Amino acid sequence: MDENICGEIQLVDNILQAEDFVRLRIETGFASIPVEHARRALQNGIILPRFQRKGIGTMIVNHLVAYARAHSDTGKFTTIGGVSAKGKEVFYEKIGFEIIPNGIRKMLEIEE
């Protein structure tokens, strides 16, 4: 299963239930969070280890960047950022994020 399988994947917004998100966090080595926190906001993007290195993470991040660019109301620029799992910073750097002391960020120019 080393091939890029993105052609077989369709991104669907808002389908994961909060309880499933908490379970996936635990399964991938992240700390558990209260289900109520998971219901309120995008907390993490998690790719199960058996699906990593197949282009899925890049596809998801690119989708989120495009969403932020299309829906930003901050003017000409907006910044998105987050925290990378330890040792995964290079992934974000390869797709245009800057590594900063407390995480990652990317400046986006908003096309009007």
Side-chain angles (χ1 to χ4, degrees):
M1 193 192 236
D2 291 337
E3 72 280 358
N4 183 308
I5 61 172
C6 289
E8 303 171 30
I9 295 173
Q10 176 184 5
L11 293 179
V12 179
D13 295 334
N14 299 319
I15 196 167
L16 186 65
Q17 298 297 313
E19 293 81 3
D20 293 327
F21 176 75
V22 172
R23 179 185 53 76
L24 287 171
R25 279 182 59 90
I26 294 166
E27 188 175 335
T28 56
F30 285 87
S32 181
I33 61 170
V35 172
E36 286 306 312
H37 289 199
R39 283 191 169 95
R40 287 186 282 196
L42 173 63
Q43 298 285 332
N44 300 98
I46 299 171
I47 307 297
L48 293 172
R50 69 182 177 270
F51 295 110
Q52 292 175 3
R53 299 192 168 277
K54 298 182 186 342
I56 299 167
T58 301
M59 187 171 108
I60 292 170
V61 172
N62 288 341
H63 179 77
L64 293 172
V65 168
Y67 182 91
R69 185 173 273 129
H71 294 89
S72 176
D73 60 2
T74 59
K76 187 163 174 68
F77 296 96
T78 194
T79 301
I80 57 175
V83 177
S84 170
K86 188 170 179 73
K88 303 294 184 180
E89 299 86 357
V90 171
F91 164 77
Y92 292 98
E93 200 167 34
K94 285 180 182 177
I95 56 177
F97 281 78
E98 176 186 3
I99 308 304
I100 58 175
N102 59 346
I104 56 170
R105 72 176 171 207
K106 184 171 190 169
M107 174 83 71
L108 302 176
E109 186 170 358
I110 306 303
E111 293 123 19
E112 296 180 42

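Nothing fancy with the numbering, it's 1 onward along the sequence. Both backbone and side-chain heavy atoms feed into the values below; hydrogens, waters and symmetry mates do not. Just so you know, these numbers come straight off a predicted model, no measurement behind them.
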Exercise. Apply side-chain contact (heavy atoms from CB on, under 4.5 Å) to the pair Arg105 and Ile80, showing each step before the final yes or no.
Key: CA-CA 6 Å; Arg105 72 176 171 207; Ile80 57 175; over 6 Å; no
Exercise. Show your working on salt bridge (charged side-chain N to carboxylate O under 4.0 Å, His left out) between Glu19 and Arg23 and close with a plain yes or no.
Key: CA-CA 6 Å; Glu19 293 81 3; Arg23 179 185 53 76; over 6 Å; no
Practice problem: Verify side-chain contact (heavy atoms from CB on, under 4.5 Å) between Lys54 and Met59, making sure each step is shown before the conclusion. | Solution: CA-CA 10 Å; Lys54 298 182 186 342; Met59 187 171 108; over 6 Å; no
Quiz item: Passes side-chain contact (heavy atoms from CB on, under 4.5 Å), Val83 versus Asn102? Steps please.
Solution: CA-CA 7 Å; Val83 177; Asn102 59 346; over 6 Å; no
Exercise. Mind running side-chain contact (heavy atoms from CB on, under 4.5 Å) on Val35 and Phe21 for me, showing each step along the way?
Key: CA-CA 8 Å; Val35 172; Phe21 176 75; over 6 Å; no
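Ser32 and Val22 make their closest contact through OG-CG1, 3.7 Å (heavy atoms, listed as atom of the first residue, atom of the second, distance). Annotation for Ile56 and Phe51: closest pair CD1-O, 3.6 Å, computed over non-hydrogen atoms. Listed here is the closest heavy atom pair of Val65 and Lys106: CG2-CD, 4.5 Å.
Side-chain contact between Val61 and Phe91 is present, with at least one heavy-atom pair separated by less than 4.5 Å. The shortest side-chain heavy-atom distance between Glu93 and Lys88 does not fall under the 4.5 Å cut-off. Here the side chains of Ile33 and Arg25 are in contact, with some heavy-atom distance below 4.5 Å. Glu27 has its side chain within reach of Leu48: a pair of non-hydrogen atoms, C-beta onward, lies under 4.5 Å apart.
Taking OG1 from Thr58 and NE2 from His63, the interatomic distance works out to 14.5 Å, rounded to the nearest 0.5 Å. Rounded to the nearest 0.5 Å, atoms OG1 (Thr79) and CE (Met107) are 4.0 Å apart.
Under a 4.0 Å N-O distance rule, the pair Lys76/Glu109 qualifies as a salt bridge.
Tracing side-chain contacts under 4.5 Å through hydrophobic residues (I, L, V, M, F, W, Y), one reaches Leu64 starting from Phe30; they form part of the same cluster. With hydrophobic clusters built from ILVMFWY side chains whose heavy atoms lie under 4.5 angstrom apart, Ile47 shares a cluster with Ile26.
A donor-acceptor pair under 3.5 Å links the side-chain atoms of Glu89 to the main chain of Gly87, judged by distance alone.
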